[in-house]
Amino acid sequence: MKKDFKYMIRWMGILLFILYVLLLVYFLFFSEEYGRTVQMEQGYRYNLIPFAEIQRFWKYRELLGQYAFLSNIMGNVLAFLPFGLILPVIFRGMRSGFLIILSGFGLSLCVETIQLVTMVGCFDVDDLILNTFGAAVGYLIFAVCDYQRRKYYGKKI
């Protein structure tokens with residue numbers, strides 16, 4: 001019974017993670033709603049100055065509108081939150097906060113580099129910061145839930 005439950009939780013986590021990755025790929029590379037079209041005439045677009053875009057979105061949040069502000073700032077955090085939450089559930093070796101943060105940064109760096117090279121979206125160091133923060137918050141949620149589970153169930157599960 002105990003092994004069946006662990007097995008079921010792990011496979012549900014894997015299915016959720018696959019669904020998450022598919023949605024992430026769609027929104028980061030194909031969603032026209034978020035300006036994910038090839039911008040050949042504009043050339044490469046990038047921001048290498050930390051916190052420049054975050055500051056710009058904060059400064060002009062009323063002009064840009066609440067939706068643009070929240071979708072950029074909170075969207076980047078929320079997009080990587082499941083990464084930090086689900087990965088330690090399905091891979092026992094990924095139960096280190098450092099590994100999750102490093103992996104979240106690595107995945108975000110890959111995504112931003114692909115966006116730069118394919119000219120779909122823009123390479124933004126602020127997105128790296130926000131995405132990595134999102135993975136860290138996801139791991140923190142996992143760690144708190146895991147602590148509570150161990151406190152309540154002990155070694156039963």
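For the numbers below, each heavy atom of this structure counts, side chains included, while hydrogens, waters and symmetry mates do not.
- Of the residues listed (Val125, Ile73, Asn72), the one engaging Ile54 in a side-chain contact (heavy atoms from CB on, under 4.5 Å) is Ile73, and it is the only one.
- When the shell of 6.0 Å around CZ of Phe142 is examined, it contains more than 12 heavy atoms from other residues, nucleotides or ligands.
- Of all the heavy atoms in Met94 and Pro88, the pair that sits closest is O-CB, 3.5 Å.
- When all heavy atoms of Leu99 and Gly93 are compared, the pair lying nearest together is CD1-O, 3.4 Å.
- Formation of a donor-acceptor pair under 3.5 Å by the Tyr44 side chain with backbone atoms of Phe123 is not found in this model.
- Remark: the backbone N or O of Phe51 is paired with a side-chain donor or acceptor of Asp126 at under 3.5 angstrom.
- The shortest side-chain heavy-atom distance between Leu15 and Phe17 does not fall under the 4.5 Å cut-off.
- For Asp127 against Glu112, the heavy-atom pair with the smallest separation is CB-OE2, 3.2 Å.
- The number of heavy-atom neighbours closer than 6.0 Å to CD of Glu62, taken from other residues, nucleotides and ligands shown, is 12 or below.
- With Arg61 contributing its side chain and Phe69 its backbone, the two residues share no donor-acceptor pair below 3.5 Å.
- By the 4.5 Å heavy-atom criterion applied to side chains, Phe57 and Leu64 are counted as neighbours.
- Counting only distance, with no hydrogens or angles, the side chain of Tyr20 and the backbone of Ala79 share a donor-acceptor pair below 3.5 Å.
- Atom CG of Leu23 has more than 12 heavy atoms from other residues, nucleotides or ligands within 6.0 Å.
- Summarising the geometry of Ala135 relative to Phe83, their closest heavy-atom pair is CB-CD2, 4.1 Å, with the distance given to 0.1 Å.
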